[in-house]
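Being a predicted model, the structure only gives us computed values, none of them experimental.
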Amino acid sequence: MTGMTISPIAALTGNAVGAFVIALLFLAFLFRYRGAYLRPWAFFWIATTLHHAASALTLHLRASSQSGAVLAGCAAGAFGWAALGWLLLGCHELAFRRPARPLPRSILVPALAATGAVAGALLLLMTSRNEPFLSLSTQGPIAAVVAILAARWLWREGGRRNLLGFNLMVVALAVYAAVQMHATSVVVELMTGGSSWRLGLLVPFLDFYLQAMLAVGMASSILEDERETARLATIAIERLAYHDALTGLPNRPLFMDRLIMATALAERTKQQIAVFFLDLDRFKDINDSLGHTAGDMLLKGVAERIRGCVRQSDTLARFGGDEFTILVQRLEKVEYAAKVAQKILEVIRIPFLIGERELFVTTSIGISIYPHDGLDAETLVKHADIAMYRAKERGRDDYELYTAAMNQHALERIALEGMLRKAIGSDELILHYQPIIDLHTHRLVSVEALIRWNHPTLGLIAPAHFISVAELSGLIIPIGKWVLSEACRQARAWKGKTGRDIRVSINLSARQFQQTDLLTMVRTTLERTGLEPHLLEIEITESSAMSNADLAIRTLLDLKSLGVRIAMDDFGTGYSSLSYLKRFPIDCLKLDQSFVRDIVTDEGDAAIIGAVVAMAHILGIEVVAEGVETEEQFRLLAAKSCDRIQGFLFSHPLPAERLEQLLLADPTWFLPSASAERVRSIET
């Protein structure tokens, strides 16, 4: 009997020693590589070590008829079944590259260990000490199922990626499953009275070889997994380095690399290429007012729409912020570049639904052509950028092809921006005021504040020459703050000198209207200057209000709560959505001079003005006609029941001192010809 049991005991002891060495190795791997699957594998080898040791102890105690065999058998069963759980978890995490779900992970191993302990105790109690193999065969079919399942996972992953370590583990697990099924058949035969149980004594020896094969496969898979991890990390790093994280588009470095290669190829093949430079109009206003999350969602939507306008062979890149670039290769005709630009403009004009808001966005596009506009990548991008700025200066929502004259214009713009920055801090900016006349009383009731730049060498510069530069550079914010403060101060000073309430109107640009601190700035200015709120009128353009109608309504309501008046300037040139008038809390509509100019000769313009005036009066809104220059226009507007008029017929914009002299000389304005004569006499 002793001769029959010593060899299995020795084999199990050897297996325990071997498993212990492998466990130490995998613990070292765990501390070194920190792989998610290495922790279950390290625990697998520790449990395997304890299983072999407890199994050897069980055989020894039963062979020598000592007590404690059942307890040792419980431990052997528990560690053996727990090892199956750890093996299953480790193979799952290696094959699927993610941990198992928390609940199955936390239940699986304890449940298997408890089952193994009960099975080990029962089997020992049901067998005699002359049947040592039966006491070790508690895993059986469960072990075979676990091995087959793990082998299937690894085979699917290893076969797809052709990994040696995975495939070696598959073979070891398959053989292990076969051995466990054979061991199960031996147990069944013995328990039914058979006598071939001695074959089961080969199992400990087979375990030794399977254990060695499994360890080699695991070690190989670790090396292969580390190599795969390094490869994936390299791909991820390259993607981060050359792609935009938000939109997934190529970034500036990758675009420039492709452009360099494209110019080299175009030089050899004598072909043309086009470079587009796109910039979203007033994107900063959206970002500041709605937040960066909404801005990011808008950028993703813009990128998706532009991608649909270009060919797969073309390169669309996010150059930075709200700037996009496009490389169009093998350009046969320049007209194709213009068609692409026009298509992009059209798709961007379609409102974007961001959350529950509709955003109206436009873009400006500059285009440069190789080889006409540059022979290298840097020059082509620079010239496309210059053309884009030219498109913005010409009114935005358009495209421009680069011309050599734009270079000089760009240099002038940069120089003008530098001088304008200096002008803000040097008191070179001044305000002129254009009277607004009540058609019913023929009296001056308000003035519009219009900025001028009194340059020390260039003289008086009109806003048309520098406001666009101020908007593009962001200088419109400090300029607008100064205009608000100076206009309120001047209106308060006029009241003190003339005793009259002269309302002053100031224009807010779209960027100013989107300022988060606009309400605070207006309130603080009114308090500091002492101007009564109803003597301040804030003018916004129709397009500024409609770019985000819901936000505009909230902002206007906040301003109205201060007591200031709201006017919609340039009405009829923007979205012309009359239905929105009843939603906007406005006090005054200012008809654009493009309608007034031809009112005498164009019956259509006259009809439009009549309809707008009638509709505005129904809503309780006053109407001001801008650009009135003739007495015929004056009379026709009076016939249309227009409330107020503004234009050269009465007065050009005047410096504050001259307007003050006019008010002190004669506070009443009668007929337009008489009032114009008074202005001219004071000016001379």
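In this structure the side chain of Leu214 reaches within 4.5 angstrom of the side chain of Phe44, judged on heavy atoms. The closest side-chain heavy-atom distance from Leu375 to Glu267 is not below 4.5 Å. At least one side-chain heavy atom of Phe319 sits less than 4.5 Å from a side-chain heavy atom of Met256.
The closest donor-acceptor contact from the side chain of Arg258 to the backbone of Pro250 lies at 3.5 Å or more, if one exists at all. Not a single donor-acceptor pair under 3.5 Å links the side chain of Thr325 to the backbone N or O of Phe276. A donor-acceptor pair is defined here as one N or O able to donate and one able to accept, closer than 3.5 Å; such a pair exists between the side chain of His51 and the backbone of Ala76. Side-chain atoms of Asp314 never come within 3.5 Å of backbone atoms of Ile326 as a donor-acceptor pair (strictly under, hydrogens ignored). In terms of modelled atom types and a separation under 3.5 Å, the side chain of Thr49 and the main chain of Ala19 share a donor-acceptor contact.
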### Task
Might you work through the side-chain hydrogen bond (donor to acceptor under 3.5 Å, both in side chains) test for Asp281 and Ser364, ending with a clear yes or no?
CA-CA 7 Å; Asp281 299 327; Ser364 300; 2.8 Å; yes
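The distance from atom CG of Asp244 to atom CZ of Arg252, rounded to the nearest 0.5 Å, is 12.0 Å. One distance of note links CZ of Arg307 with OG1 of Thr247; it measures 7.0 Å at 0.5 Å rounding. Atom CZ of Phe79 and atom NE2 of His52 lie 13.0 Å apart (nearest 0.5 Å). Atom CG of residue Leu265 and atom CD of residue Gln329 lie 6.5 Å apart, to the nearest 0.5 angstrom.
Evaluated for a side chain to side chain contact (heavy atoms under 4.5 Å, CB included) with Val109, the options Leu88, Leu84, Leu89 yield exactly one hit, Leu89.
With respect to the salt-bridge test (charged N to carboxylate O, under 4.0 angstrom), the residues Glu346 and Lys343 do not qualify.
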